[in-house]
Amino acid sequence: MTPADKIRNLAIVAHIDHGKTTLIDSIFRAAHTFRDNARVEERVMDNNELERERGITIRAKHCTVTWGDYLINIIDTPGHADFSGEVERVLSMVDSVLLLVDANEGPMPQTRYVLMRALRLGLKPIVIVNKADRPNANPAGALDKTFDLFLELGADDHQADFPILYGSGLHGWFVHDLAHDARRGMEPLFETIIERVPPPTADPDAPFLMQVSTLAWRDHIGRVGCGRVLQGTLRKGETFLRTSTHWKGYNKTEGWEVAGAQEERAVHMWVSRGLDTVAVNEVAAGDIVWIAGPKEITLGDTLSALEVENPALPPLEIEEPTVSMQFLVNSGPLSGQEGRAVTLRQIKDRLNRELRTNVALRVEDLGRADGVKVSGRGELHLAILIEEMRREGMELCASAPEIITHHDSHGMLLEPMEELVIDVPLDYQGVVIEKVSKRKGEVINMHNAGTGMMRLEFRIPTRGLIGYRNEFLTDTRGLGIMASRFVGYGPWCGEVVSRQRGSMVSMDTGDATSYSLDNLQQRGTLFVKPMDPVYNGMIIGENSRPGDLPCNPTKTKALTNHRAVGKDHATALDVPRTLTLDTALEWIAPDELVEVTPKSIRVRKSILNAEDRKRVEKRTSALAG
């Protein structure tokens with residue numbers, strides 16, 4: 001075992017795409033974690049296929065490197081706001097954080113959030129100005145904004161006196177002085193970590209105590225809890241006490257209480273070495289360890305020696321869902337042709353497996369035979385889950401995202417609010433402000449960076465952002481950058497006008513024809529191409545005007561024995577818009593569904609039959625009147 005004074009526990013936190021995972025690649029190379037002749041892929045910590053495709057970290061991951069006789073435990077955290085709950089929990093296991101700031105973009109919404117959490121825990125961050133070698137980099141400006149952010153968030157004198165490193169995680173060099181120091185490698189980073197990250201304050205002679213901060217699942221073993229040993233030692237096979245706690249009242253305003261305690265046994269224990277987990281027979285204070293044995297282990301549980309009096313630690317804050325969708329059985333005519341048609345029981349089984357480790361997810365019964373309600377932190381959080389189910393061969397339908405509202409003690413309706421930061425060329429700031437204002441966004445701050453880009457900060461309801469990303473990219477010609485984070489609940493902002501165009505809905509079933517699509521593309525934007533299968537109630541494009549447009553994309557040209565005057569004109573079809581899962585979920589209206597199969601993404605009306613849709617509309621109008 002490594003002595004506690006030779007252990008350094010830290011997390012790497014930053015906004016999405018600021019270079020956390022790439023930095024860890026350079027740390028591995030500098031610490032010679034792999035053999036010199038080993039073939040190592042880029043972003044080695046992103047071991048999930050979806051993470052590699054999307055270029056984001058979805059779940060926090062642990063790794064360990066050695067530098068001299070020091071053992072450095074590093075946690076790579078997600079940068080996207082939808083997975084921010086992972087950051088909240090892992091910060092309780094570390095003694096400092098590496099705060100990465102992009103030298104061009106400066107602090108972004110997620111930078112503010114993770115820094116706020118770290119400062120509240122009393123951690124003293126190390127600031128790294130990354131990508132300092134980029135052509136448009138402004139390291140001094142990024143550092144000034146970061147220092148202002150520290151002061152704004154109430155950092156004390158010790159926290160505001162943070163060490164600073166400049167460099168490039170991609171190219172593997174960091175320096176203290178960008179103008180004078182030689183760019184010789186990663187040594188300045190390791191030296192700063194050893195010097196400025198405090199060793200874990202742990203007493204190896206005290207009774208065993210730790211708190212579960214992360215969950216995992218292993219087949220044939222069950223749920224596994226991960227946390228840092230706060231004091232004492234634990235040997236494999238020893239008995240300990242598992243104490244569960246929970247918050248009282250809404251918004252955790254009434255404190256917390258003990259929910260129960262039970263004696264358990266440490267059946268398996270692992271620690272991280274490099275990227276691997278290694279089974280061990282004993283762990284000591286300061287170690288970050290995985291423990292299996294308790295069947296019902298949950299997040300925030302306190303594990304302690306039997307002789308510890310009042311061992312319960314305060315429960316960890318688990319992020320509340322803000323967006324929900326309905327996961328429904330695929331009832332379309334093409335069900336089962338491209339994947340494995342599943343029943344409601346199979347959907348529930350799959351979601352229950354996800355609930356073992358995804359603590360930010362909620363599943364509720366709708367009281368109907370074809371679907372359940374699934375809630376999460378945002379559209380991306382739920383879209384990742386749907387994509388994973390799709391790649392497992394499952395077919396299902398998903399409804400449009402809906403926000404989750406609450407009422408305060410006075411009965412006022414509250415809805416989730418977001419902080420939205422947009423970097424946009426000066427030529428497009430007008431249309432962006434206009435569109436965001438229509439979605440109930442309020443301008444908080446505007447800053448001209450002097451590089452032809454304007455930074456706009458808004459406070460906007462979460463439902464105002466649903467479906468806006470594609471419209472934003474179109475308005476800014478793909479040059480704008482937007483990022484948001486959940487900041488809490490606020491008063492209901494009124495009705496939000498989002499999609500202003502209708503759908504082109506097929507009235508027939510068959511294969512789409514070029515003859516019919518040639519006429520329909522004059523009325524809007526198509527989602528299908530010739531010979532694609534369509535069915536009654538399927539949406540084959542976006543109407544150029546408000547309201548739905550019934551159409552027949554399977555219509556063929558009438559064949560006669562009469563010669564037409566002149567020559568037939570050549571059919572020239574535009575390239576159809578390809579809907580991805582994310583864009584489809586953003587685009588659909590409340591009465592529409594996304595049909596997800598392993599091979600295709602389609603959109604359809606929730607009620608396929610046109611006459612049934614009219615009856616429901618009349619009934620809804622009568623009730624509203």
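All values below come from the heavy atoms of this structure, side chains included, with hydrogens, waters and symmetry mates left out. Nothing here was measured: the structure is a model prediction, and the numbers come from that model.
- V594 has its side chain out of reach of L579: every pair of non-hydrogen atoms, C-beta onward, lies at least 4.5 Å apart.
- P491 places none of its side-chain heavy atoms less than 4.5 Å from the side chain of L413.
- N138 is linked by a side chain to side chain contact (heavy atoms under 4.5 Å, CB included) to A140, counting only residues two or more places apart in sequence or in another chain.
- With a 6.0 Å radius and a threshold of 12 heavy atoms from other residues, nucleotides or ligands, R523 has its CZ atom at or below the threshold.
- Looking at D76 and T21, their side chains do bring a donor and an acceptor atom within 3.5 Å of each other.
- In this structure the side chain of D133 reaches within 4.5 angstrom of the side chain of H171, judged on heavy atoms.
- Checked by atom type and distance alone, the side chain of S606 never pairs as donor or acceptor with a backbone atom of L593 at under 3.5 Å.
- Evaluation of the side-chain hydrogen bond (donor to acceptor under 3.5 Å, both in side chains) rule for S26 yields R29 as partners, not counting sequence neighbours.
- Although no hydrogens or angles enter the test, the distance criterion places no donor-acceptor pair under 3.5 Å between the side chain of R469 and the main chain of E471.
- A search for side-chain hydrogen bond (donor to acceptor under 3.5 Å, both in side chains) contacts involving D475 returns K435, not counting sequence neighbours.
- In this structure F327 satisfies the ring pair (Phe, Tyr, Trp, His ring centres under 6.0 Å) test with no other residue, sequence neighbours excluded.
- Contacts of P188 classified as side chain to side chain contact (heavy atoms under 4.5 Å, CB included), with partners at least two apart in sequence or in another chain: L165, H176, R184.
- Under the rule for a side-chain hydrogen bond (donor to acceptor under 3.5 Å, both in side chains), N445 has no partner lying at least two apart in sequence or in another chain.
- Contacts classified as side chain to side chain donor-acceptor pair (under 3.5 Å) and involving residues 149-161 (residues at least two apart or in different chains) are given here: R112-E152.
- Ring geometry for F472 versus Y468: interplanar angle of 30 to 60°, hence tilted.
- Residues passing the side chain to side chain contact (heavy atoms under 4.5 Å, CB included) test with R134, sequence neighbours excluded: K131, A137.
- Remark: K124 pairs with no residue by the side-chain hydrogen bond (donor to acceptor under 3.5 Å, both in side chains) rule, at least two apart or across chains.
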### Task
Any chance you could lay out the salt bridge (charged side-chain N to carboxylate O under 4.0 Å, His left out) test for K529 and D532, step after step, and finish with the verdict?
CA-CA 6 Å; K529 60 183 182 297; D532 279 351; 3.4 Å; yes
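- Residues satisfying the side chain to side chain contact (heavy atoms under 4.5 Å, CB included) test with R501, not counting sequence neighbours, are E542.
- The closest donor-acceptor contact from the side chain of S484 to the backbone of E419 lies at 3.5 Å or more, if one exists at all.
- A donor-acceptor contact under 3.5 angstrom links the side chains of E418 and T462, judged on distance only.
- Qualifying ring pair (Phe, Tyr, Trp, His ring centres under 6.0 Å) partners for Y166, counting only residues two or more places apart in sequence or in other chains: none.
- Side-chain atoms of E592 and S503 form a donor-acceptor pair, as typed in the model, at a separation below 3.5 Å.
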Atom pairs and distances, donor-acceptor, side-chain atoms in residues 422-434, under 3.5 Å, two or more places apart:
residue : atom : partner : partner atom : Å
D423    : OD1  : R455    : NE           : 2.8
D423    : OD2  : R455    : NH2          : 3.0

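- A donor-acceptor pair is defined here as one N or O able to donate and one able to accept, closer than 3.5 Å; such a pair exists between the side chain of R613 and the backbone of I607.
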